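Each remark here refers to the structure printed beneath this line.
All of these numbers come straight from a predicted model, not from anything done at the bench. Both counts, for ligands and for their atoms, begin at 1 and track the order of listing.
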Amino acid sequence: MERLQKVIADAGVTSRRKAEDLIINGKVRVNGEVVKTLGVKVSGNDIVEVNGVMLQNEKVKKYYLLNKPRGVISSAHDEKNRPTVVQYIDTDARIYPVGRLDYDTTGLIILTNDGELANILAHPRNKIPKTYIAKIEGLLNKDDIERLKSGIMIDGRKVAVEDFKIRDKDFDKKTSLVEVTIVEGRNHIVKKMFESLKHPVIRLSRIKIAFLEIGKLKSGQYRELTIKEIKKLYSLK
Ligand code: URA
């Protein structure tokens, strides 16, 4: 038996904290009955519904690392019928992506049906580093680099840059290739950072999530995470 809010969080619906709010607000049913008090425990035989949708508590947990191609949406379904990251993975498990990469961003994304791990990786408190390579317009000057390193304000909050390198400069085309590591998960955050420096991103790719690197994965290829890697990701909590 496990606490209802843990079961909801483990199914990847939301965090444990927000699951508690859902319960208190009468959005959760157990075996058809609304449960509004915290502390209720349920087993795998109980039917749990959140906002009228039944939880799928799959026993077998699956974990994949995909090198997402450009022109693919980072969700399980798309209303406009565009290709999704989930369609790249050959599995029957109800996996979904952890976090998002923009439609035109390439690179690493984790997919899993393990809500608990998904929550660990997505929670800002755990400060999971992610490294991107961005091709940007223009050449950065000292001032830009200073601003990057001291943290750029985006929508009223500073983005802490953990690491930053200029990989290449093209003086003819006036473009640069930069590598940046951040622990942020806000949408379009890298593009917004460089936009605010007046060096818009032309191309963006994520090459690292925590200790997971792109390695030999070509665009559109994926692999399963090893037990060792899964344990190591859990330890980042
Ligand atoms: N930052 C962005 O701007 N886009 C992404 O896809 C990921 C991080």
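- Close contacts of ligand 1 with Tyr132, meaning ligand atoms under 4.0 Å from a residue heavy atom, involve 7 (C), 8 (C).
- Taking NZ from Lys231 and CG from Leu236, the interatomic distance works out to 14.5 Å, rounded to the nearest 0.5 Å.
- Atom numbering of ligand 1 starts at 1 in the shown order; those under 4.0 Å from a heavy atom of Ile189 are 1 (N), 2 (C), 3 (O).
- The cationic group of Lys149 does not satisfy the cation-pi geometry with Phe164, failing either the under 6.0 Å distance to the six-membered ring centre or the 45° limit from the ring axis.
- The line from CD1 of Ile166 to CG of Asp144 is 9.0 Å long, rounded to the nearest 0.5 Å.
- For atom 6 (O) of ligand 1, the closest non-hydrogen atom on the protein side is Asp102 N, 2.7 Å.
- Of the polar atoms of Lys191, at least one N or O is found under 3.5 Å from an N or O of ligand 1, judged by distance alone.
- Set against the non-hydrogen atoms of Thr105, the atoms of ligand 1 under 4.0 Å away are 4 (N), 5 (C), 6 (O).
- Residue pairs meeting the ring pair (Phe, Tyr, Trp, His ring centres under 6.0 Å) criterion with at least one partner in residues 8-41, sequence neighbours excluded, are absent.
- Atom CG of Asn187 sits in a crowded spot, with more than 12 heavy atoms from other residues, nucleotides or ligands closer than 6.0 Å.
- Of the N or O atoms in His188, one or more lie within a sub-3.5 Å distance of an N or O in ligand 1.
- Every residue was checked against the ring-ring contact (aromatic ring centres under 6.0 Å, His included) condition with Tyr88, not counting sequence neighbours, and none meets it.
- Inclusion of Val190 in the set of residues having an N or O under 3.5 Å from an N or O of ligand 1 is warranted.
- Those atoms of ligand 1 that come under 4.0 Å of a heavy atom in Leu204, given as number and element, are 1 (N), 2 (C), 3 (O), 4 (N), 5 (C).
- Between Lys191 and Glu195, no side-chain nitrogen of the basic residue sits less than 4.0 Å from a carboxylate oxygen of the acidic one, so the salt-bridge criterion is not met.
- In Val201, neither the side chain nor the backbone holds a heavy atom less than 4.0 Å from any atom of ligand 1.
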